[in-house]
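Scroll down for the structure; my scribbles are underneath it.
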Number of protein chains: 2
Amino acid sequence: MTSILHVPAANQLLAALPSVERQAFMADCETVELTFGEVLFQPAETVTHVYFPLDSFISLIVVIDGENRLEVAMAGQEGMLGTSLVLGIEEAPLLALVQGAGTALRMTAANFQQRLLDSPVLHQRLKRYLYVVMHQLAKSSACNHFHQIEGRLARWLLMTQDRAGTDQLQLTHEFLAMMLGVRRSGVTISARALQTRGLIRYHRGAIEVLDRQGLIEASCECYNEDRELYAKVLSDL
Amino acid sequence: MTSILHVPAANQLLAALPSVERQAFMADCETVELTFGEVLFQPAETVTHVYFPLDSFISLIVVIDGENRLEVAMAGQEGMLGTSLVLGIEEAPLLALVQGAGTALRMTAANFQQRLLDSPVLHQRLKRYLYVVMHQLAKSSACNHFHQIEGRLARWLLMTQDRAGTDQLQLTHEFLAMMLGVRRSGVTISARALQTRGLIRYHRGAIEVLDRQGLIEASCECYNEDRELYAKVLSDL
DNA sequence: TCATCTCTGTGCGCTGACGAACATGGGGTG
DNA sequence: CACCCCATGTTCGTCAGCGCACAGAGATGA
């Protein structure tokens, strides 16, 4: 399917580094295959590796009251996993669940800490990324509180599409319900509404985005704001 | 009211520093009086100063859809304002509103950046604080989503009491409604319930905590979890 | 003392989402 | 081919919280 000269998707946090530093960094990484449903971090567990997704992506999930779950962030080729190590903390705060199978670059925590010391450019860039994540966390707190399911579902599908890099998403309503922290049948109702309007089409665990622009209009404004923030803080440098 | 030998409340982030560093740091600070309702940062505005509250405290608020508001964090003598500068970002992500009048130490952004370079101990401690805030942001996202008003109100009162250092809080239901992102009359109902159970007493803009332990039991578990996290990450060092 | 303003109490109908349950039907397995 | 599982469709009653509106009561100021 891919061309013979296929260049593996690059991680955006690393792509912008000066060539020398990037190659030094990547020399310390190994490439790993992540499978759907794999748990990379458990809350309060020690972080042994950081991950830079290439074509995989990972959900960061809060577990509350022992049963309720809510996705609060997502990391794909635009981000990384293990941000707490940027702050020098070796503990994972959240559940990290592989939501899109694929490859990622991985480095040990110790090597990563050393790389941060060696490369101010990298360090600076990752601090900016951390700022973006923090800001998004705060805003999505309000989004989850005030916005209703349909808009949040549309936003979530768009975010996933961006990271999966395809219109075809492998997702059940059940899974979406867990991500959004709502009932399964609540997702069904909203998904049907989006399908009726011709924005998506779905069938037994597969969702296809038909009208991306329409979906953006159906989503809450948070989607655009998130992208603008990322672009503003991480475009240059 | 205070004794002649009154020692001003110390800021916990600074209190644990080695004496030499602390004094050097504080020499660069000025003491400022913060008044209720004062806005220290507007979202997207440049951060000119960082603040270390002594007996004042500040709410960090997300404004969404131009009208809805939701408090996502609070900073008192246990924390600081202007955390984005710890990451080297000179932009404030959130609305910072003085919620408890009092004093704070203040330092210019430029001096602060220099101090971080000069004092690894300070830097390390502030990164730990940042980790706590991030973790709390993520969890309160779920709290705001799943927990109901009464538990959240109780939690909020406790957090405020901790930072105000008194049982007497100056708060209207209207204000509480804004913090929690709910209707004013929703707060009235929950507040009455807490009062009926003898946990608090209130009257026209003044709330008194009568039974702190009972209030903790009425609050969602998030209150205890927040405190434990702070203690775990910032107690030592 | 009176007028006014602010804070709180309370009522109404409404809606979004809940929890639980059952129906349907496509797909994969044996 | 038969079977079963699993994803989705749908319903029912319930509930928390909404938006709005108004009433009463304490505070404030003229």
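Here is the naming used below: chain letters follow the sequence lines, and residue numbers restart at 1 for every chain. What you are looking at is a predicted structure, and each value in this text was computed from that prediction instead of being measured.
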Whole-Å distance, Arg201(A) CZ to dA7(D) P, equals 20 Å
Does [Y] offer a backbone N or O that forms a donor-acceptor pair with the side chain of [X] under 3.5 Å?
X         : Y         : answer
His145(B) : Gly181(A) : yes
Ser84(B)  : Ala92(B)  : no
Thr172(B) : Phe175(B) : yes
Ser56(B)  : Thr103(B) : yes

Residues of residues 176-189 of chain A with a heavy atom under 4.0 Å from any atom of DNA chain D, listed by number, are Arg184(A), Ser185(A), Thr188(A)
Contact check, residues 147-159 of chain A vs DNA chain D, heavy-atom distance under 4.0 Å, returns none
I'd like to check the side-chain contact (heavy atoms from CB on, under 4.5 Å) partners of [X]; sequence neighbours left out, ordered by chain and number.
X         : result
Gln195(B) : Ile200(B), Arg201(B), Tyr202(B)
Gln148(B) : none
Gln213(B) : Asp211(B), Ile216(B), Glu217(B)

B/S/- along nucleotides 23-30 of chain D (protein heavy atoms under 4.0 Å) is --BBS---
Axis-to-axis angle for the helix from dT1(C)-dA30(D) to dG30(C)-dC1(D), ends of five pairs each, to 10°, equals 30°
Contacts of Arg155(B) meeting salt bridge (Lys or Arg N to Asp or Glu O under 4.0 Å) (sequence neighbours excluded), chain-then-number -> Asp226(B)
Contacts of His145(A) and Ala191(A) projected onto DNA chain D by closest heavy atom; the upstream (5') one is Ala191(A)
task: Kindly assign one of parallel, tilted or perpendicular to the pair His49(A) and Tyr51(A), based on the angle between their ring planes and the thresholds 30° and 60°.
output: tilted
May I ask you to decide if the ring planes of Tyr129(B) and Tyr230(B) are parallel, tilted or perpendicular, using 30° and 60° as cut-offs? perpendicular
Cut-off 3.5 Å, no hydrogens considered: what does the side-chain donor-acceptor table look like for residues 58-67 of chain B, sequence neighbours left out?
unit_1: Ser59(B); atom_1: OG; unit_2: Glu71(B); atom_2: OE2; d: 2.6
unit_1: Asp65(B); atom_1: OD1; unit_2: His147(A); atom_2: NE2; d: 3.2
unit_1: Asp65(B); atom_1: OD2; unit_2: His147(A); atom_2: NE2; d: 2.7

Donor-acceptor list for residues 158-166 of chain A side chains, cut-off 3.5 Å, not counting sequence neighbours:
unit_1: Thr160(A); atom_1: OG1; unit_2: Trp156(A); atom_2: O; d: 2.8
unit_1: Gln161(A); atom_1: OE1; unit_2: Arg212(A); atom_2: NH1; d: 2.5
unit_1: Gln161(A); atom_1: NE2; unit_2: Asp167(A); atom_2: OD1; d: 2.9
unit_1: Asp162(A); atom_1: OD1; unit_2: Arg212(A); atom_2: NH1; d: 3.3
unit_1: Asp162(A); atom_1: OD1; unit_2: Arg212(A); atom_2: NH2; d: 3.0
unit_1: Asp162(A); atom_1: OD1; unit_2: Tyr223(A); atom_2: OH; d: 3.3
unit_1: Asp162(A); atom_1: OD2; unit_2: Tyr223(A); atom_2: OH; d: 2.5
unit_1: Arg163(A); atom_1: NE; unit_2: Glu78(A); atom_2: OE1; d: 3.4
unit_1: Arg163(A); atom_1: NE; unit_2: Glu78(A); atom_2: OE2; d: 3.3
unit_1: Arg163(A); atom_1: NH1; unit_2: Met159(A); atom_2: O; d: 2.9
unit_1: Arg163(A); atom_1: NH2; unit_2: Glu78(A); atom_2: OE2; d: 3.3
unit_1: Thr166(A); atom_1: OG1; unit_2: Gln168(A); atom_2: N; d: 3.0

Original post:
side chain to side chain contact (heavy atoms under 4.5 Å, CB included) between Leu54(B) and Gln77(B): does it pass, once the steps are laid out?
Top reply: CA-CA 5 Å; Leu54(B) 300 177; Gln77(B) 48 83 241; 5.8 Å; no
Residues 184-195 of chain B vs salt bridge (Lys or Arg N to Asp or Glu O under 4.0 Å), sequence neighbours excluded, gives none
Leu87(A) and Val86(B): side chain to side chain contact (heavy atoms under 4.5 Å, CB included), yes or no, with the steps? CA-CA 10 Å; Leu87(A) 296 172; Val86(B) 178; 5.7 Å; no
Nt span of DNA chain C in reach of chain A heavy atoms at under 4.0 Å, 5' end first, is dG16(C) to dG27(C)
